[in-house]
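See structure below.
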Amino acid sequence: MAKPTPLSGFPELLPEQRFVEQQVVDTLRHTFELHGFAGIETRAVEPLDQLLRKGDTSKEVYLLRRLHEESAEGHAGIGLHFDLTVPFARYVLENAGKLEFPFRRYQIQKAWRGERPQEGRFREFTQADIDIIGRDELPFHHDVEVTRVMVDALTRLDFLPGFRVQVNNRKLIQGFYAGLGIDDTDEVMRVVDKLDKVPVDKVRDLLVAEAGLDEKTADRVLSLATIRATDDSFVEDVRALGVEHELLDEGLAELAELVSACADLVTDRVRLEADLSIARGLDYYTGTVFETRLDGYESMGSICSGGRYDALATDGRSTYPGVGISLGVSRVVVPLLARTGLTASRKVPSVVLVAVVDEESRADSNAIASALRSRDIPCEVVASAQKFGKQIRYAERRGIPYVWFTNADGGHEIKDIRSGDQVAADPAAWTPPSEDLRPQVLMKETEL
RNA sequence: GUGGGUAUAGCUCAGCUGGUAGAGCGCCGCCUUGUGGUGGCGGAUGUCGCGGGUUCGAGUCCCGUUACUCACCCCA
């Protein structure tokens, strides 16, 4: 078979890279569970009608079909999910009778989109979602809660660059627009959303040309969108624009509360700010909206987004309002692996390589390995009984820090191949320093 | 879906106006007969993405194609 080439948009990692990704996933799961979120997994596929509810994204859906499909449509009427929110909404409706509300869950899974790949954008990728969903009502303090959980998680991912979490509130925007007499609020939001990439003047032109605003209104829309603050001082700035609307008041109050309630979690590495340009393209958000930028990778766009959705799920008798955030695990990890020296301290979990004197005595080496494993020390026995120099090189290639030797007289010695130190050791008692026990995430040399 | 770029050794790439395929790193062996790394010496490896065309001759020029990649769209 000819050498296979990589499939664009379907990233695969080397073991030392996968270790980094796994550390991210483990940290997220740990944090989510610390906050009492239950883990679930939904199937990879959803009926097409569920997936198509989200509008534009529908053209990105991968359909499933049997090779010998006989239905008229040529497919099975199901497709791979493109996010975890839509499957979750379906899951809640399906299991509403068995779940406790408010229901708090996390979900870390693959999703698929048929988009053209780019840096940080894939056709198959891992997302980590947290959502809280209520029956018929969900108090606003849960908006605060999911924000605090995600900020906590980002803080614990301390081997990654910093993050800037940007929050806004759709009620605030829609109230402001309504107060200005704008009809097509969705189109205006879509254009305003370009502010991070397109210069203000261009956005103003677009607001006039595409959203049909007059120049004066466009300027006021932009005045709102350029307001930013790391505390609730933005409220005064918005008031100063002189627009009045009930929804605007509601949105301002919520956003101010959210920013204030998270102030104690903010650090130099993980910041939170009210950014009134954030709107989110998706139309199901009804209140709080989030986006998150990774320091040094701002051009990649948001790596962690979400918001409040009051009407995504309904079964006719009840509605299930929710609030959630989704972190793009692949989107963060893969570009960092490619562009920086982020990697694992070794290529294998083994902290010890047990040397083999000759093939006849391999069983003795296996016994030593078993003794170490019984005390939870990851280790492996060398693949072939070559010269000891070769066996040490076997360990060195893999980054295994210790090699275990057995002398002719049956005595045991362990060598730290980084320092060259070799000391007598007891298979039943020797323990590596805790920092060596597991591979570590580290930044190899400083390129860039 | 639209527009640009690239494709040569395991990896990163060089190869001028066409003349039999190169470097660095890595890999293997020996110096080093059972303890690696540094050093010295030696060695192996290519359908030059694929198909066609022009030419005495194509990695090089032309056409097509596929893959990868970047930007737009949209988004994690």
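By convention in this document, chain letters (A, B, ...) are assigned in the order of the sequence lines, proteins followed by strands, and residues within each chain are numbered from 1. The shown structure was predicted, so the numbers you read here are calculated from the model rather than taken from an experiment.
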Name the nucleic acid region contacted by [X], choosing base, sugar-phosphate or nothing; use a 4.0 angstrom heavy-atom cut-off, strictly under.
| X | answer |
| --- | --- |
| A:Phe122 | base |
| A:Lys110 | nothing |
| A:Ile417 | base |
| A:Val357 | base |
| A:Glu115 | base |
| A:Gly389 | sugar-phosphate |

For [X] and [N], what is the distance between atoms [atom1] and [atom2] respectively, to the nearest whole Å?
| X | N | atom1 | atom2 | answer |
| --- | --- | --- | --- | --- |
| A:Trp112 | B:C75 | CH2 | C1' | 17 Å |
| A:Asp193 | B:C73 | CG | C1' | 13 Å |
| A:Lys347 | B:G26 | NZ | C1' | 11 Å |
| A:Glu124 | B:A76 | CD | P | 18 Å |
| A:Arg398 | B:G37 | CZ | P | 17 Å |
| A:Leu84 | B:C75 | CG | P | 17 Å |
| A:Lys390 | B:C28 | NZ | P | 8 Å |
| A:Leu353 | B:U35 | CG | C1' | 12 Å |

Ignoring hydrogens and angles, answer whether the base of [N] and the side-chain atoms of [X] contain a donor-acceptor pair closer than 3.5 Å.
| X | N | value |
| --- | --- | --- |
| A:Arg121 | B:C74 | yes |
| A:Arg331 | B:C75 | yes |
| A:Glu119 | B:U69 | no |

May A:Phe125 be described as stacking on the base of B:A76, applying a 5.5 Å centroid limit and a 30° limit on plane angle?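 Check passed, A:Phe125 stacks on base of B:A76.
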[N] to [M] separation - [atom1] atoms, rounded to the nearest Å:
| N | M | atom1 | result |
| --- | --- | --- | --- |
| B:U12 | B:U47 | P | 15 Å |
| B:U60 | B:G15 | P | 14 Å |
| B:G22 | B:C30 | C1' | 26 Å |
| B:A58 | B:C31 | C1' | 45 Å |
| B:G3 | B:C50 | P | 27 Å |
| B:C16 | B:C11 | P | 22 Å |
| B:G59 | B:A21 | C1' | 8 Å |
| B:U8 | B:G49 | P | 6 Å |

What about the rings of [X] and [Y], do their centers lie closer together than 6.0 Å?
| X | Y | result |
| --- | --- | --- |
| A:Phe388 | A:Phe405 | yes |
| A:Phe125 | A:Trp112 | no |
| A:Phe37 | A:Tyr106 | no |

Ignoring the backbone of [X], work out which of [options] is nearest its side chain.
| X | options | value |
| --- | --- | --- |
| A:Arg397 | B:A71, B:C27, B:G29 | B:C27 |
| A:Arg116 | B:C28, B:C72, B:C74 | B:C72 |
| A:Arg190 | B:C74, B:A76, B:C28 | B:C74 |
| A:Lys194 | B:C75, B:C73, B:U35 | B:C73 |

At less than 4.0 Å, is any side-chain N or O atom of [X] found next to OP1 or OP2 of [N]? Yes or no.
| X | N | answer |
| --- | --- | --- |
| A:Lys387 | B:U33 | yes |
| A:Gln118 | B:A71 | yes |
| A:Ser8 | B:A67 | no |

Which pair of heavy atoms, one from A:Val441 and one from A:Gln23, lies closest together, and at what distance?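 Scanning both residues, the minimum pair turns out to be CG2-CG, 3.6 Å.
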Given that both distances must come in under 3.5 Å, which nucleotide forms a Watson-Crick or G-U wobble pair with [N]?
| N | result |
| --- | --- |
| B:U45 | none |
| B:G5 | B:C68 |
| B:U38 | none |
| B:U55 | none |

pair A:Val351-A:Arg438: side-chain heavy atoms closer than 4.5 Å: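 No; the side chains remain at least 4.5 Å from each other.
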Would A:Asp201 and A:Arg204 count as a salt bridge (charged side-chain N to carboxylate O under 4.0 Å, His left out) if you check the C-alpha gap in whole Å, the side-chain angles of each, and the deciding distance to 0.1 Å? CA-CA 5 Å; A:Asp201 292 345; A:Arg204 180 183 291 111; 3.1 Å; yes
In Å and rounded to the nearest 0.5 Å, what is the CD1 to CZ distance from A:Ile133 to A:Phe88?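 With rounding to 0.5 Å, CD1 (A:Ile133) is 4.5 Å from CZ (A:Phe88).
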To the nearest 0.5 angstrom, please state how far the OH atom of A:Tyr91 sits from the CD atom of A:Gln107.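 Result: 8.5 Å between the selected atoms.
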5'-most by nearest nucleotide on RNA chain B - A:Glu396 or A:Ser330: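 Upstream on the strand: A:Glu396.
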